[in-house]
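Structure, as structure tokens:
Chain A is the first sequence line, chain B the second, and so forth, proteins listed ahead of strands; every chain is numbered from 1.
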Number of protein chains: 2
Amino acid sequence: MQDTKDRIVSLADQLIKSRGYNAFSYKDISDPLEIKNAAIHYHFPTKTDLGVAVIDVELQQFMASTGKLAAQPEDKQLKFLFDTFSRKNKEGLVCLMGSLSPDYETLPEPLQDKITDLSSAILEWTSGCLERGREKGLFRFEGEPSDRALLVISNLLASLLLSRVMGSKVFGRITHQLLRDLGAGK
Amino acid sequence: MQDTKDRIVSLADQLIKSRGYNAFSYKDISDPLEIKNAAIHYHFPTKTDLGVAVIDVELQQFMASTGKLAAQPEDKQLKFLFDTFSRKNKEGLVCLMGSLSPDYETLPEPLQDKITDLSSAILEWTSGCLERGREKGLFRFEGEPSDRALLVISNLLASLLLSRVMGSKVFGRITHQLLRDLGAGK
DNA sequence: TTGTTTACTTACTTACAAGTAAGTAATTTT
DNA sequence: AAAATTACTTACTTGTAAGTAAGTAAACAA
């Protein structure tokens, strides 16, 4: 069955987003799934392989979700991005980038490369969304769309981190300002 | 000598900002300082004690630096905050909050409490700075100063994280937009 | 000058992490 | 029916982490 393999990836994903890559061990996966640690090594020979698989799944889900939304107006599309982060905030999780980037220097190269891929994909999508949205008058902002996209992503990422430390209401306070600055929903 | 103790804290600070709290070990400190790991335990019985000391020093330095700037105009004061982060960016480091918040759930309680203290101090100072600056016409923004402060801190924190992954130019691209949105330096 | 404190080292312990080699039971292929 | 593959388990190994108990050399205090 593909079942166990999927469950391992899914649990690893949760663990990275809740405790960080360096802070979780195979035991955190084998115990709840009631399997042995060697079973994880059967599916993912090294922890690096598991980490890469987690990012791969995230990237594929991102591509699939945004692909389905492509026909919608850009403010709706951007709302999808905000909703994704809002959901994570409610679960007390941070995003993959927010979890992995502080540890970036300690991560094996294949993982570093995957993180770069993921960040590029998110940045490109957001840039395109903002650019087309501004052309249609759905957003109002100055400067390059790619720079503004960077600012949006930066805020979403950090609002999850700060919510952990300062309380979950912080997320809404930050994103509210962010959307106002974009002239969205006006 | 206080010398060794200070060097331990200083190295631990660098290690947390470059590799993360869970990813550094006493060996990373004892080797370069050419002491034994037991020497670190003499000054800091547990790793938690060392982590707390690192945040304490950061908090004291922050208080001292901002105290000295209190008489200056608020745009100059805010520039100090940006410069602090810009320096870290050039060294390839992230800020303490950026490094510790993803691992927050895995950290011992005394450390969690200290992080909360640090975040409160930075948020309060930035809020005050923005509020007084807006009254004087140095800044232009809508909404509560404390909400806007949250946005500023969020961006500074995340711009260091994203710079790691996407290249150090990202920092300038984000902060430039940020300052423009504040109507600073106009 | 003797006793105590400071700042360590030496030499451990305990725990747990990632990873592996060899075996097995069930399913699938030939 | 026999052979091979899949999805594991059992039982390790190796490495490294935090932490500790006991000893020591130098400085200082009585």
Side-chain angles (χ1 to χ4, degrees), chain A residues 1-55 57 99-100 102-112 114, chain B residues 1-55 57 99-100 102-112 114:
Chain A
M1 289 290 134
Q2 193 69 346
D3 216 48
T4 302
K5 191 171 184 178
D6 288 345
R7 278 185 220 190
I8 292 170
V9 173
S10 169
L11 235 177
D13 177 79
Q14 285 238 333
L15 285 164
I16 290 174
K17 288 170 180 167
S18 60
R19 317 180 69 78
Y21 181 80
N22 288 318
F24 88 88
S25 78
Y26 279 33
K27 201 165 183 299
D28 297 321
I29 293 172
S30 58
D31 275 358
L33 295 189
E34 291 177 277
I35 55 177
K36 301 297 159 181
N37 74 329
I40 307 174
H41 282 287
Y42 169 74
H43 291 289
F44 304 99
T46 69
K47 196 178 177 182
T48 304
D49 296 319
L50 178 52
V52 165
V54 166
I55 303 183
V57 167
S99 174
L100 295 173
D103 301 340
Y104 191 75
E105 305 292 334
T106 74
L107 301 176
E109 231 186 271
L111 250 175
Q112 293 189 343
K114 277 288 162 189
Chain B
M1 290 289 135
Q2 192 70 346
D3 217 46
T4 302
K5 191 171 183 178
D6 288 345
R7 279 185 220 190
I8 292 170
V9 174
S10 168
L11 235 177
D13 178 78
Q14 285 237 334
L15 285 164
I16 290 174
K17 288 169 181 168
S18 60
R19 318 180 69 76
Y21 181 81
N22 288 318
F24 90 87
S25 78
Y26 278 34
K27 201 165 183 296
D28 297 321
I29 293 173
S30 57
D31 276 357
L33 296 189
E34 291 177 278
I35 56 178
K36 302 296 160 182
N37 75 329
I40 307 174
H41 282 286
Y42 169 74
H43 291 289
F44 304 98
T46 69
K47 197 179 177 183
T48 304
D49 295 320
L50 178 53
V52 166
V54 166
I55 303 183
V57 167
S99 173
L100 295 174
D103 301 340
Y104 191 74
E105 305 293 334
T106 74
L107 302 175
E109 231 186 272
L111 250 175
Q112 293 188 344
K114 277 288 162 188

**Asked** What integer distance in Å separates B/Y21:OH from D/dA18:C1'?
**Response** 10 Å
**Asked** If only atom types and distance count, is the side chain of B/S99 paired as donor or acceptor with the main-chain N or O of B/I16 below 3.5 Å?
**Response** yes
**Message:** With a cut-off of less than 4.0 Å, is there a side-chain N or O of A/Y42 near OP1 or OP2 of D/dT6?
**Reply:** no
**Message:** Taking only side-chain N and O atoms of A/T4, does any of them lie within less than 4.0 angstrom of OP1 or OP2 on D/dA7?
**Reply:** no
**Message:** What verdict does the side-chain contact (heavy atoms from CB on, under 4.5 Å) test give for B/T48 and B/Y21, after you've listed the backbone C-alpha separation in whole Å, the side-chain angles of each residue and the deciding distance to 0.1 Å?
**Reply:** CA-CA 10 Å; B/T48 304; B/Y21 181 81; 4.2 Å; yes
**Item:** B/L50 CG to D/dA17 P, straight-line distance once rounded to whole Å
**Value:** 15 Å
**Prompt:** Does any residue of residues 31-41 of chain A have a heavy atom under 4.0 Å from DNA chain C, and if so, which ones, in number order?
**Reply:** A/N37, A/A38, A/H41
**Complete:** To the nearest angstrom, the CG-C1' distance between B/N22 and C/dC16 comes to 14 Å
**Asked** Can you check the A/K5 NZ to D/dT6 P distance for me, whole Å?
**Response** 11 Å
**Message:** I'd like to know whether A/I35 forms a side-chain contact (heavy atoms from CB on, under 4.5 Å) with A/T4, so could you lay out the CA-CA distance, the side-chain angles of the two residues, the decisive distance to 0.1 Å, and finally the verdict.
**Reply:** CA-CA 9 Å; A/I35 55 177; A/T4 302; 4.3 Å; yes
**Request:** Looking only at side-chain atoms of B/K47, point me to the closest of C/dC8, C/dG19, D/dA18.
**Result:** D/dA18
**Request:** Please lay out, stage by stage, how A/F24 and A/I29 fare under the test side-chain contact (heavy atoms from CB on, under 4.5 Å).
**Result:** CA-CA 9 Å; A/F24 88 88; A/I29 293 172; 3.8 Å; yes
**Prompt:** With no hydrogens and no angle check, do the side chains of A/T46 and A/D49 hold a donor and an acceptor under 3.5 Å apart?
**Reply:** yes
**Request:** Could you tell me the separation between the CG atom of B/D6 and the P atom of C/dC8, rounded to a whole number of Å?
**Result:** 11 Å
**Asked** In terms of side-chain heavy atoms of A/K27, which of C/dA17, C/dA18, D/dA7 is nearest?
**Response** C/dA17
**Request:** Just do the side-chain contact (heavy atoms from CB on, under 4.5 Å) check on B/F44 and B/V52 with the steps written out, would you?
**Result:** CA-CA 10 Å; B/F44 304 98; B/V52 166; over 6 Å; no
**For atom OH of A/Y26 and atom P of C/dA15, their distance in whole Å** = 24 Å
**Asked** Whole Å only: how far is the CZ atom of B/F44 from the P atom of C/dA7?
**Response** 12 Å
**Request:** Give a yes/no answer on whether the side chain of A/S25 brings an N or O atom under 4.0 Å of OP1 or OP2 in C/dC16.
**Result:** no
**Message:** On the six-membered ring of A/Y42, is A/K5 placed so that its NZ or CZ lies under 6.0 angstrom from the centre and within 45° of the ring axis?
**Reply:** no
